[in-house]
2 protein chains.
Amino acid sequence: MNDTSKGRHCYAHPHPAVTTDIALFTIRDGRIEILLVRRAAPPHAGAWALPGGFVEPGECLEDCALRELAEETGIKGVYLEQLYTFGDPRRDPRERVISVAYYALAPLQRVAGAAAGSEAAALAWFAVDALPELAFDHGAIIERALERLRAKLDYSTIAFQFMPRKFTLGELQEVYETILGEPLDKRNFRKRVQAFGLVHPLGEMRRAAGRRPAALYRAAHPERVDIIK
Amino acid sequence: MNDTSKGRHCYAHPHPAVTTDIALFTIRDGRIEILLVRRAAPPHAGAWALPGGFVEPGECLEDCALRELAEETGIKGVYLEQLYTFGDPRRDPRERVISVAYYALAPLQRVAGAAAGSEAAALAWFAVDALPELAFDHGAIIERALERLRAKLDYSTIAFQFMPRKFTLGELQEVYETILGEPLDKRNFRKRVQAFGLVHPLGEMRRAAGRRPAALYRAAHPERVDIIK
DNA sequence: TTGACATGGTGTCATTCATACACTCAAATA
DNA sequence: TATTTGAGTGTATGAATGACACCATGTCAA
């Protein structure tokens, strides 16, 4: 809290408001989904928006993004990366608001609870190819986040941020195919993943109904996104 | 300008200050150089800083970066790309300042004037491997900009932003070698550049002292940075 | 019990791409 | 006219990539 008469915060020069917005993606049933919040108040009341909010004094940008995500969705412990800063002066009709956009990735299991017990359906998952009406410039933010995600798939281990601790190679391939939007050759895919040493076999099997059990693996470096190639 | 008693700008919640900072690189004599401004006033008086300054109301971030660069250095018409937003709450000792960092590239010819007639040597070029004492977190900004530049060299046509309208293939190769910090095979380099159709021959020659004249080329798309490969 | 079903799991060959490598050419200058 | 300096050019080898088909193993239903 700053000095003020009337409990206001005053500066010698005009200051914009600064927010973070978070595009949190997961993968469900062969689709990329994103978590959105329904806006109750104007502007854009009734439209859907990215979770996010104002940066607090003394808080760094990444902490702000993590806090807003936790406050608005209850979700913690996801992969988070700064995406781009959107600063068009008319992007928010109320006042000048600059948004530092982040994108976040998580395996479905870690976020499955979110939006389930959400009061008044204020929180929901949407497939990114079937988005509802979006507030502000959040459509552009999502588009850019997807671009980044698709690009990074080719030269980094980012896909593992969508994987649970244990997974089969078939599940991993499905994640790649979902993000790229095209099928991959099974043998070449497995060859590559193994050649780069991206996974370690767990020696366990996943038994699934109606088919042969699959070997379970874990990511070689689940906490890290490495550049490969 | 907002409402105010005492000509100040007041808000219901605290707002950070927002600046843009610009890392402008060029290439001279086989070195990457960056343009810095000597700080006259505290904090960090006497240290060198990136050109930059506060975002004005009604001004988008990119325009702010271009304006600050022009105001502080007189330079216009360079390639500009948003780099990263630095928001550590303690990065400026005076108040909370969030900086949207950009990096810019230009051929030496376009910026050779800058820092020449600069009053009181307030403006100077430094080789990036011999930087002076830097203000704020500008060292980290420069480091990240160089990382981005080196990465983009491999999969985009960004190197052409360092080239003048007419250049020889030898000059182009020198730029690549300077950024990568390692020599390249001449024949393979030329093969590649031609195979991707990145240059068009001008049918002119550059006559240089003491050696065979070299064919001059122009960039196929000088205004654009394309992703290749 | 057995047959149908669904996904798991595996290797080779052909092609393309990347890399290493050395000499002659043309102009300027001494 | 001999020397110097960068300009300009092609090939051969190894590595990486991409195309491709079949049998295995479990569940479930008839």
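Reminder, nothing fancy here: chain letters follow the sequence lines and each chain counts from 1.
Residue B:Ala214 places its side chain closer to D:dA7 than to any other of C:dT19, D:dA7, C:dG11.
At a non-hydrogen distance threshold of 4.0 Å, nothing from residues 155-176 of chain A comes into contact with DNA chain D.
Between A:Tyr84 and A:Phe86, the distance separating the two ring centers is shorter than 6.0 angstrom.
Listed here is the closest heavy atom pair of A:Ile158 and A:Tyr79: CD1-CE2, 4.0 Å. Scanning both residues, B:Thr168 and B:Ala214, for their nearest heavy atoms gives CG2-CB, 3.6 Å. Of all heavy-atom pairs between A:Ala145 and A:Phe25, the closest is CB-CE1, 3.7 Å.
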Produce a footprint string for nucleotides 22-30 of chain C: one letter per nucleotide, 5' end first; B if the base is under 4.0 Å from any protein heavy atom, S if only the sugar-phosphate is, - if neither. B--BBBS--
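The ring-ring contact (aromatic ring centres under 6.0 Å, His included) test applied to B:His44 returns B:Phe136, not counting sequence neighbours.
Between the side chain of A:Lys191 and the base of D:dT17, no donor-acceptor pair under 3.5 Å is found.
Pairs passing the salt bridge (Lys or Arg N to Asp or Glu O under 4.0 Å) check and including a residue from residues 175-188 of chain B, sequence neighbours excluded, do not occur. Each side-chain hydrogen bond (donor to acceptor under 3.5 Å, both in side chains) pair with one or both residues in residues 190-201 of chain A, not counting sequence neighbours, appears once here: A:Asn188-A:Lys191. Each ring-ring contact (aromatic ring centres under 6.0 Å, His included) pair with one or both residues in residues 168-189 of chain A, not counting sequence neighbours, appears once here: A:Tyr176-A:Phe189.
When rounded to the nearest whole Å, the span between CZ of B:Phe189 and P of D:dA7 equals 12 Å.
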